Each structure stands twice: as structure tokens, then as C-alpha cells.
Engineer: 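Okay, handing you the structure first.
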Amino acid sequence: MDGVVTAEDSRYVRIEVPEEPSRERISDFREVLRSYTREEAMLEAERCLQCALPFCVEACPITQDCRGYIGLVAEGRFDEAASLTLRENPLATTLCKVCYHYCEDACVMKGRGVPIAIRHLKRAALEFGTSDLEYVPSAPRAQRVAVVGAGPAGLMAAWELGLRGYPVTVFEGQSAIGGQAGAIPRYRMPNHELLVDLQRFRNFDFTFVEGKTAGVDFTVESLLEQGYRAVLLTIGASKAGYPGIPGENLPGVLPALDFLYDVNQGRAVVLGRKIVVVGGGDVAVDAVRTSRRISPGAHVTMAYRRTRGESPAGEEEIRETEPEGIEFRWLLSPRAILGTSRVEGMEFQRMELGAPDASGRRAVRPVEGAIDTIECDTVILAIGEKADLTGLPAALGLKIGHKGWPEGGRTGYETDVEGVFATGGRSVVHAMAAGTKAAEAIDAYLCRKEGRTPQPRPDPFGGRDPPPAVPEGYSAPAWKP
Ligand SMILES: Cc1cc2nc3c(=O)[nH]c(=O)nc-3n(C[C@H](O)[C@H](O)[C@H](O)COP(=O)(O)OP(=O)(O)OC[C@H]3O[C@@H](n4cnc5c(N)ncnc54)[C@H](O)[C@@H]3O)c2cc1C
Ligand code: SF4
Ligand code: SF4
């Protein structure tokens, strides 16, 4: 019976996530992905097998009970789905647009067809259910906590501490809250989603101090002297990385993070007509897509030293980028930026794949004598960021995480200075998970000081009983910090 779709087959086909047509969407920053309708969301949710062992939940760094909200969406119970989502995910409006959906990679339906659109169903839950809820803090505590850095790790830690009744002051060096999430382009997150999330924090005893930088305007020691009983550093990786090649300081060379942040802040950024973005991660992909939008008609190339299969950018991000008219050049390693008074071109060493290394990833090696030159007037560097530790005391003994953020080396991310903790994460949801761990360690530390026993996270909506820590059938987290 060729060509006949049976009920069983249709389980393996995803209800398509609607997208803006590529030709039109590159003319502005309109959101690329559109919402499901209620009916589409319910149909997609009905595909979920409601597995007894929820691999999807185990793969989620914050243990979001996605199986639970999908089941509620399938029954059209959107209010309950929204409330369940927000119960353990205070940045859900943000994550339903930008999470790299580790849950979907683990979904059993991936092996049989296409995984359930778990992230997009989170969006449906929040859009069709009542999501303007407010979190309810526990009885106030006297011990004040300072959080330095208002990215996802700091905000999640503040939420955990606020729920337990602690007054929290969040110090942020920039003039806006959000950290690197503030650089995520508007075609993916157009509506100040993070501020929508923060509205639900309105009952907490929180103070946000923007435009104040640790190590410049104040010190960690001064916070302890002012009476903060614990300090959490969640300062991320805000300093652009440079490849260390000739010409990298020429006018026309921009670090991707600053470029994307400036565009989001509405600052005027002028690019040339031939733009090369160097790097292969999600930030590089955002830089090429943003360049395409702010410089109509320009030729935009993304050059990466490995192949597409090995690029750290998500498959979904590359797939969405392909129809937007970008040239991808794989196996090119930067060698020099050419030009006298400004950028005129870029020279690359051509690479080839070698044998797999210890991690199983195929190494790359130069092809002798193979040098490629690309003519260009703008180079955007997206080769990673690192933490700016200026003014932070060496006594903290900070370690650098694998994407550049600093963290404390002791249990619960405590540093070598008592009462000072530090953490961060490689994605929004990983940073949030790290924020939870650090907040639990801070709570345990402060409870110890007062002879109290630390309690699990209370019901965020003020109910009497704490919600279950993990859903039924959950065995162990599938990810490592
Ligand atoms: C362009 C771009 C796109 C991205 N897209 C995605 C995505 O789609 N999905 C996803 O999951 N992740 C994405 N990420 C990654 C994600 O944003 C980060 O992993 C996450 O924000 C890290 O959170 P954090 O709280 O550890 O650090 P950060 O977000 O970096 O926050 C640290 C904060 O500390 C502040 N700070 C630094 N030093 C000081 C100081 N000395 N004093 C006071 N404040 C200080 C910084 O200004 C910043 O606000 C993207 C990143 C970028 C750059
Ligand atoms: S937060 Fe991210 S990883 Fe977790 S369930 Fe939602 S989309 Fe999946
Ligand atoms: S693994 Fe996939 S099919 Fe199973 S419960 Fe999770 S979302 Fe549903």
C-alpha cells in the first residue's frame, strides 16, 4: 500500500514547525519560527509515547518535566502545562525560543523518525496557557546574598535563593540584564523574552544594580565587608578571543560577541560588502545570519577549520541558515588578515581530515602549501570567548570552565575563599543548572552557619508541599556539568 500514511506511520512524522519564508525573512529581524496553533500543538504532543523511563527529562540539565507538560498539551490542558513548565523553569519564555533542546536529542522518537518538538511544545504551553504567574518567596531570611553577573546562571541562582527567602542583590557590569543571552539575535528571540520571565520574580526581595563591575567599582572583599553573607560570581566569558594572527587589529575586524550585542542594543553597526565570519559554532552562525540582515546584498562567508559534521553549531541552526544565502567554506584555518590601513582580504591554510583523536573526533591537519585567499572588507571573529578576571583576587583559586567561564574548584563551586562561590555554563540551560547547584551549596553553607537544616526547593507558587525533585521513572542525569 505505497503512499498510504497509516496512524502508526504518522506518529513518526513531526507536525512541521512553521517558518517565515527565507527570501523575506532576511530583509529584517522578524522571528524565523512561528508558533504552532493549539490544534497543531495537540497533534504533535499526541505523538509522545509518555515513556516510563523519560530519557528526555534525564537529558535536560534542569530536569524539566517535559514528558509531563507534553501529556497535558496533548489533552488541551494548556494552563496546567504552563504552570508545570514554570514550576522548575523560571526562564521558560526564553528557553522555549533558544534552548538547544538536549531533550530532543535523547527522545526515543529520534531513533524511529523525528523527535517530539519538545521545545516548541513548551512555547505552545506558555502561549496558550496562563503564563503570567508569580513566584512566591518563603518567609524572609536575614542573610543577604550578592550575585555578580546577571546572565542565566546568576538569575537562576537568584531565583533559587529568592524562593528560599534570601534577599539578593544582583550586580551587573553592563547596562542591561541577561548576559550573553542578550546577544541572541532577535530573529530567534524577538520580544524581550527574558524580561517577560523576570516579571514572575516580582515578589522577591531582589535589587538589581546595573553598570557596576566587580574589580572596578567594587571588590569581592568589599561585598563581604558590607555584610553579604555569601557572594556568587557568575561573570561568564565576556572577553572576545583572538586567533593571534597578523592583521587581527586592523580596522574592519570585529569580535562577534560585541557585534551581536551592539546590533541587539540598537547601536549603529556598519559592515562592508564582503564579510567573512571566522568560526564554526552557534555564535558564528548568528554572526553570519545577522550580517546578512543588516547588510543587504553583501556576500557573507562562514569559514571553519573543520567540516560541517564536526562543527559545534547545532544541526538545526545550520539547516535554518542554508536557505538564507550564506557561503559555507569548511576546512579553512585562519592564517592572516590582509590589508594596510583596513581589511582587504583574509588568508587561510587549507586543512584535511586525519585519524580520530582520543575523543573519537577526527583531527585536522594542514595540506602542505595549500593557501586560500578570500577577498573581503570585514572580518568577524567568532572563535570563542573567555572570562575577564581583571580585579578578581587570585586567592579565589578560580578554575576556567571549558568555554571560558570561571568557577570555584570546591564542592558546590565554592572558591578557596570561604563564602564565595563561582560558576557558569556553556548554554542558557546549562548555566541555569549550574546556578541551581551553586545556590543549593550557598543555602547549605548559610544554614550550617545558623544551625538550620537545608530544605529542598519549596513550591515556587507557594503551595504547602515541595514539588517532587524528579518525575516518576527518572533514574540519573544524562549530562555532565
Ligand atoms: C551570540 C550568542 C548566541 C547564543 N545563543 C544561545 C542559544 O541560542 N541557546 C543557548 O542555550 N545558549 C546560547 N548562547 C550561550 C549562552 O548565552 C551562555 O552559555 C549563557 O548566557 C552563559 O550564562 P552565564 O550566566 O554563565 O554567563 P553570561 O551569560 O556570560 O553572563 C555573565 C554576566 O556577568 C557580567 N559580568 C562579567 N564580568 C563582570 C564583573 N566583573 N562585574 C559585574 N558583572 C560582570 C557580564 O556582563 C554578563 O552579563 C549564546 C551565546 C552567544 C554569545
Ligand atoms: S529546557 Fe531545553 S533541554 Fe530542557 S526540556 Fe526544555 S527544551 Fe529540552
Ligand atoms: S522520550 Fe520522547 S517520546 Fe518518550 S516521553 Fe520523552 S518526549 Fe515523549
Side-chain angles (χ1 to χ4, degrees), residues 45 47-71 85 88-89 91-92 94-110 112 115-116 118-122 148-157 170-174 176-185 188-189 209 211-218 233-239 256-257 259-261 264 281-287 290 314 317 382 385 387-392 401 403-405 423-432 434-435 473:
R47 294 205 303 127
C48 170
L49 303 175
Q50 291 292 305
C51 304
L53 296 173
F55 294 137
C56 49
V57 183
E58 291 177 4
C60 174
I62 55 166
T63 324
Q64 169 92 78
D65 184 4
C66 43
R67 178 188 61 184
Y69 74 65
I70 294 169
T85 303
E88 57 225 359
N89 186 347
L91 304 183
T94 302
L95 281 177
C96 77
K97 302 282 178 83
V98 306
C99 187
Y100 295 135
H101 47 67
Y102 306 95
C103 49
E104 293 180 24
D105 293 335
C107 170
V108 293
M109 291 298 273
K110 186 172 180 179
R112 303 181 195 186
I116 308 298
I118 303 176
R119 186 188 72 191
H120 218 57
L121 289 175
K122 194 193 308 296
V148 180
L155 295 174
M156 183 70 169
V170 182
F171 296 89
E172 167 55 52
Q174 297 282 345
I177 304 282
Q180 284 192 0
I184 299 179
R188 295 203 282 126
M189 195 165 64
V209 182
K212 295 286 175 209
T213 301
V216 177
D217 301 304
F218 61 92
L233 301 171
T234 46
I235 60 172
S238 50
K239 217 160 77 172
L257 184 56
F259 162 60
L260 293 167
Y261 200 76
N264 266 6
D282 293 304
V283 177
V285 171
D286 279 336
T290 299
E317 279 70 29
E385 294 78 36
D388 185 353
L389 300 181
T390 313
L392 293 179
K403 286 247 177 157
W405 68 85
T423 194
R426 65 185 149 102
S427 71
V428 173
V429 73
H430 282 98
M432 290 168 67

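What you see is a predicted model, and the numbers here were worked out from it, not measured in a lab. Indexing begins at 1, ligand by ligand and atom by atom, following the structure's order.
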Engineer: With atom 46 (C) of ligand 1 as the reference point, say which of Lys97, Glu172, Gln174 has the nearest heavy atom.
Structural biologist: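 It is Glu172 that holds the nearest heavy atom.
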Engineer: Ile184 near ligand 1, heavy-atom distance under 4.0 Å?
Structural biologist: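 Yes, Ile184 has a heavy atom closer than 4.0 Å to ligand 1.
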Engineer: Show which atoms of ligand 1 fall inside a sub-4.0 Å distance from at least one heavy-atom site of Lys212.
Structural biologist: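 Near Lys212, meaning under 4.0 Å from one of its heavy atoms, ligand 1 has 43 (C).
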Engineer: Could you tell me whether a side-chain N or O of Asn264 sits under 3.5 Å from a main-chain N or O of Ile184, the two making a donor and an acceptor?
Structural biologist: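 Looks like yes, one N/O pair under 3.5 Å.
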Engineer: Might you point out which heavy atoms bring Trp405 and Ala387 nearest each other, and give the distance in Å?
Structural biologist: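 That closest heavy-atom pairing would be CA-CB, 4.4 Å.
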Engineer: Looking at Glu172 and Ala150, would you say the former's side chain and the latter's main chain have a donor-acceptor pair under 3.5 Å?
Structural biologist: yes
Engineer: For ligand 1, which part of Ala431 has a heavy atom less than 4.0 Å away: the side chain, the backbone, both, or neither?
Structural biologist: side chain
Engineer: Give me the residue, atom name and distance of the protein heavy atom closest to atom 34 (O) of ligand 1.
Structural biologist: Gly149 CA, 3.2 Å
Engineer: Assess Glu317 for proximity to ligand 1: is some non-hydrogen atom of it under 4.0 Å away?
Structural biologist: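 Flag not set, Glu317 not near ligand 1.
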Engineer: Could you tell me the residue and atom name of the protein heavy atom closest to atom 52 (C) of ligand 1, and the distance to it rounded to 0.1 Å?
Structural biologist: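 Residue, atom and distance for the closest contact: Val283 CG2, 3.7 Å.
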Engineer: Return the option from Leu257, Leu233, Val170 holding the heavy atom at the smallest distance from atom 53 (C) of ligand 1.
Structural biologist: Leu257
Engineer: Specify side chain, backbone, both or neither for His430, according to which of its non-hydrogen atoms lie closer than 4.0 Å to ligand 1.
Structural biologist: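 Neither part.
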Engineer: Give me each pair satisfying salt bridge (Lys or Arg N to Asp or Glu O under 4.0 Å) with a member in residues 94-103, each pair once, sequence neighbours excluded.
Structural biologist: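 Salt bridge (Lys or Arg N to Asp or Glu O under 4.0 Å) check on residues 94-103 returns Glu31-Lys97, Lys97-Glu193.
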Engineer: Would His101 count as a contact for atom 4 (Fe) of ligand 2, in the sense that one of its N, O or S atoms lies under 2.8 Å from it?
Structural biologist: no
Engineer: Can you list the ligand 1 atoms lying under 4.0 Å from a non-hydrogen atom of Gly236?
Structural biologist: 27 (O), 30 (O), 32 (C)
Engineer: Among all the protein's non-hydrogen atoms, which is closest to atom 22 (C) of ligand 1, and how far away is it?
Structural biologist: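 The protein heavy atom lying closest is Gly425 O, 3.4 Å.
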Engineer: Please confirm whether Tyr100 comes under 4.0 Å of ligand 1, counting heavy atoms of the residue only.
Structural biologist: yes
Engineer: Nearest heavy-atom pair of Gly211 and Asp217: which atoms, and what distance?
Structural biologist: O-OD2, 3.8 Å
Engineer: Got a donor-acceptor contact below 3.5 angstrom from the Asp388 side chain to the Ser238 backbone?
Structural biologist: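 Not a single qualifying donor-acceptor pair exists.
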Engineer: Yes or no: does Arg188 have any heavy atom under 4.0 Å from an atom of ligand 1?
Structural biologist: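 Yes.
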Engineer: Just which atoms of ligand 1 are under 4.0 Å from any heavy atom in Ala181?
Structural biologist: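 That gives atoms 17 (O), 21 (O) of ligand 1.
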Engineer: What atoms of ligand 2 come closer than 4.0 angstrom to any heavy atom of Cys99?
Structural biologist: 1 (S), 2 (Fe), 3 (S), 7 (S)
Engineer: Under 2.8 Å from atom 8 (Fe) of ligand 3, which protein atoms of type N, O or S occur, listed by chain and number?
Structural biologist: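 You should have found Cys48 SG.
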Engineer: Report the nearest protein non-hydrogen atom to atom 4 (Fe) of ligand 2: residue, atom name, distance rounded to 0.1 Å.
Structural biologist: Cys60 SG, 2.4 Å
Engineer: Give the ring-plane orientation class for Phe171 versus Phe218, where under 30° counts as parallel, over 60° as perpendicular and anything between as tilted.
Structural biologist: tilted
Engineer: For atom 28 (P) of ligand 1, what's the nearest protein heavy-atom neighbour? Residue, atom name and distance, please.
Structural biologist: Gln180 N, 3.7 Å
Engineer: Looking only at heavy atoms, is any part of Thr213 under 4.0 Å from ligand 1, and if so is it the side chain, the backbone, or both, or is it neither?
Structural biologist: both
Engineer: I need the atoms of ligand 1 closer than 4.0 Å to a non-hydrogen atom of Gly424, numbered in the order shown.
Structural biologist: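 So the answer, numbered in order with elements, is 26 (O).
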Engineer: Ignoring hydrogens, what is the shortest heavy-atom contact between Thr290 and Pro185? Give both atom names and the distance.
Structural biologist: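 Reported closest heavy-atom pair: OG1-CG, 3.7 Å.
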Engineer: Quick one: look at Glu385 and ligand 1, take heavy-atom pairs under 4.0 Å, and tell me if it's side chain, backbone, both or neither.
Structural biologist: neither
Engineer: Measure across Leu257 and Ala237 and return the closest heavy-atom pair with its distance rounded to 0.1 Å.
Structural biologist: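 Scanning both residues completely, I find the closest heavy atoms to be CD2-O, 4.1 Å.
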Engineer: Which heavy atom of Ala256 sits nearest a heavy atom of Ala287, and at what distance?
Structural biologist: CB-CB, 4.3 Å
Engineer: Name the option, out of Ile235, Leu95, Asp217, that contains the heavy atom nearest to atom 38 (N) of ligand 1.
Structural biologist: Ile235
Engineer: Are any of the N or O atoms of Ser427 closer than 3.5 Å to those of ligand 1?
Structural biologist: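 Yes - when backbone and side-chain N and O of Ser427 are compared with those of ligand 1, one distance drops under 3.5 Å.
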Engineer: Do any N or O atoms from the side chain of Arg67 and from the backbone of Val57 form a donor-acceptor pair under 3.5 angstrom?
Structural biologist: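 Here the side-chain-to-backbone pair does not exist.
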Engineer: So, 4.0 Å and heavy atoms of Val148: is ligand 1 close enough to count as a contact?
Structural biologist: yes
Engineer: I need the nearest protein heavy-atom contact for atom 3 (C) of ligand 1: residue, atom name and distance, please.
Structural biologist: Asp286 OD2, 3.4 Å
Engineer: Closer than 3.5 angstrom, by distance alone: can the side chain of Arg426 be matched with the main-chain N or O of Gly404 as a donor-acceptor pair?
Structural biologist: no
Engineer: Strictly under 4.0 Å, does any heavy atom of Pro152 approach an atom of ligand 1?
Structural biologist: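 Yes.
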Engineer: Give me the nearest non-hydrogen protein atom to atom 8 (Fe) of ligand 2 as residue plus atom name, then the distance to 0.1 Å.
Structural biologist: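 Its nearest protein heavy-atom neighbour is Cys103 SG, 2.2 Å.
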Engineer: Can you report which non-hydrogen protein atom sits closest to atom 6 (Fe) of ligand 2, along with the distance?
Structural biologist: Lys122 NZ, 2.3 Å
Engineer: Tell me: protein heavy atom nearest atom 42 (N) of ligand 1, and distance?
Structural biologist: Ala214 N, 2.8 Å
Engineer: Enumerate the atoms of ligand 2 whose separation from the nearest heavy atom of Tyr102 is less than 4.0 angstrom.
Structural biologist: 3 (S)
Engineer: For atom 1 (C) of ligand 1, which of Asn264, Leu260, Val428 has the closest heavy atom?
Structural biologist: Leu260
Engineer: Among all the protein's non-hydrogen atoms, which is closest to atom 43 (C) of ligand 1, and how far away is it?
Structural biologist: Gly173 N, 3.3 Å
Engineer: For Phe55, is the CZ atom crowded, meaning more than 12 foreign heavy atoms sit under 6.0 Å from it?
Structural biologist: no
Engineer: So is Ala183 polar-close to ligand 1, meaning N/O to N/O under 3.5 Å?
Structural biologist: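 No.
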Engineer: Would you name the heavy atoms of Ala434 and Thr423 that are closest together and state the gap between them?
Structural biologist: CB-OG1, 3.3 Å
Engineer: Do side-chain atoms of Gln174 reach the backbone of Ala176 as a donor and acceptor pair under 3.5 angstrom?
Structural biologist: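 No, the answer is negative, given that no donor and acceptor are paired below the 3.5 Å cut-off.
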Engineer: For atom 25 (O) of ligand 1, find the nearest protein heavy atom and state the residue, atom name and distance (0.1 Å precision).
Structural biologist: Ala153 N, 2.9 Å
Engineer: What are the atoms of ligand 1, with element, lying closer than 4.0 Å to any heavy atom of Thr234?
Structural biologist: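 So the answer, numbered in order with elements, is 32 (C), 33 (C), 34 (O).
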